[in-house]
Amino acid sequence: MSQWPIGVFMSVDEGLGVHLDVVQELGIPTVHLHAPSLDKRNEAGAKDWLEKSQAAGIEATVVFSGFAGETYESIQRTAETVGLVPEALRDQRAAEYRSVSDFAKLIGCPIVALHIGFVPERNSDSYKNLIEVTQSLLDYVKNNGQNLHLETGQESADHLLEFIADVDRDNLFINFDPANMILYGTGDPIEALKKVGHLVRSIHCKDAIWAPEGVRGTEWGAEVPLGEGDVGMETYLRTLKELGYDGPLTIEREIAHDRERQKADIGKAVSLLTDLRSQIL
Ligand code: MG
């Protein structure tokens, strides 16, 4: 794979990603694939994906998944519902996530990823249990020959590093999403990237503007088309280059309610990234 191939977040059925026809139309060679629904995480589902993606010349570089019952309607509701953090659902979701790892193995993808949720305060009982559940999941993922990438944004760079160190497994890395740091109000994305950069193995190209100062961290910032927000795409890419990152530049535009605009915005993002790439590399 050449350095910094363009990518896009796509969905087979569930999730906010674009569908395969749009990826093809935009000529994008790599995707972060939102895993298909549970009933399709099997050999038939994998065969279906492999046939279609190979015919289109598209490679899945990471398989993502969320869980039923998650909502991102507010930061508070996200904290309550997302990932492996909600205690009542933790074991069930960790078990369910194994099907994502199995599906990724069937399609030959060595990386799986997720939003783990708002990691609790260090040394709480909830935190200690989350460490154990995550370790067990990582061992399963490793047995499938895979690494697991945590999506950034729901905690500060320092807390994420603390958590990863406490989990203490050699197949745990980071999918860096600069816009999430802004959306959740968890810190300057470029400073955060410099702190966690040694663990960043995949990235999202997404942009956002900060919520007003007084409500930052309690109310959402706003996701905007790439290049129109507060991330600073050129600085972002230059920082990635300094860190030696050479993987895909995977665009996310999370407006699945407006598919036409989503496609148009992603098309513009491809142009922007292609221009910046030729300037920077
Ligand atoms: Mg993301």
Side-chain angles (χ1 to χ4, degrees), residues 4-12 14-18 23 28 30-35 60-67 70-73 75 78-79 81-85 97 100 104 109 111-119 147-157 160 164 172-190 192-193 196-197 199-210 220-233 236-237 239-240 245 247-257 262 265-266 269-270 272-273:
W4 286 4
I6 304 295
V8 69
F9 196 95
M10 77 154 278
S11 296
V12 172
E14 296 179 336
L16 301 175
V18 294
V23 184
I28 297 173
T30 75
V31 295
H32 284 184
L33 181 68
H34 192 292
T61 57
V62 180
V63 176
F64 267 82
S65 184
F67 302 98
E70 291 181 328
T71 170
Y72 289 85
E73 66 193 27
I75 290 182
T78 302
T81 64
V82 166
L84 298 181
V85 170
Y97 194 80
V100 177
C109 182
I111 303 168
V112 291
L114 83 164
H115 270 295
I116 200 159
F118 281 70
V119 174
N147 290 342
L148 177 75
H149 293 186
L150 297 181
E151 174 94 354
T152 54
Q154 292 162 344
E155 39 285 312
S156 67
L160 185 63
I164 290 174
L172 181 59
F173 294 96
I174 290 172
N175 180 77
F176 193 83
D177 185 325
N180 284 349
M181 309 298 300
I182 291 173
L183 290 168
Y184 290 92
T186 41
D188 177 82
I190 304 300
L193 177 59
V196 304
L199 293 170
V200 171
R201 294 284 184 91
S202 60
I203 62 144
H204 285 159
C205 291
K206 188 170 88 187
D207 215 341
I209 50 177
W210 296 97
W220 284 125
E223 196 216 335
V224 296
L226 204 72
E228 294 180 19
D230 293 326
V231 169
M233 267 313 127
Y236 179 49
L237 295 189
T239 307
L240 286 167
Y245 177 79
L249 307 178
T250 304
I251 299 160
E252 268 191 311
R253 184 70 176 113
E254 301 183 314
I255 48 168
H257 58 278
Q262 185 183 39
D265 286 353
I266 291 169
V270 171
L272 175 67
L273 291 175

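Start at 1 and go down the list; that is how both ligands and their atoms are numbered.
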S.K.: The Mg ion (ligand 1): which protein N, O or S atoms are under 2.8 Å away?
M.R.: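 Protein N, O or S atoms closer than 2.8 Å to the Mg ion (ligand 1): Glu151 OE2, Asp177 OD2, His204 ND1, Glu252 OE1.
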S.K.: If every non-hydrogen atom of Glu228 is compared with every non-hydrogen atom of Asp207, which pair is closest and at what distance?
M.R.: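 Where Glu228 meets Asp207 most closely, the heavy atoms are N-OD2, 3.4 Å.
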S.K.: Check the side chains of Ser202 and Asn175 for a donor-acceptor pair under 3.5 angstrom, ignoring hydrogens and angles.
M.R.: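 Side chains of Asn175 and Ser202: pair found under 3.5 Å.
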S.K.: Taking all non-hydrogen atoms of both residues into account, name the closest pair between Leu114 and Ser65 and its distance.
M.R.: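 For Leu114 and Ser65, the tightest heavy-atom pair comes out as CB-O, 3.8 Å.
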S.K.: Below 30° counts as parallel, above 60° as perpendicular, anything between as tilted: where do the rings of His149 and Phe173 land?
M.R.: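 The rings of His149 and Phe173 stand perpendicular, inter-plane angle above 60°.
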S.K.: Would you call the rings of Phe67 and Tyr97 parallel, tilted or perpendicular, taking 30° and 60° as the class edges?
M.R.: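 Tilted.
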S.K.: On a heavy-atom basis, which atom in Leu226 and which in Leu272 lie closest, and how many Å separate them?
M.R.: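 Scanning both residues completely, I find the closest heavy atoms to be O-CD2, 3.7 Å.
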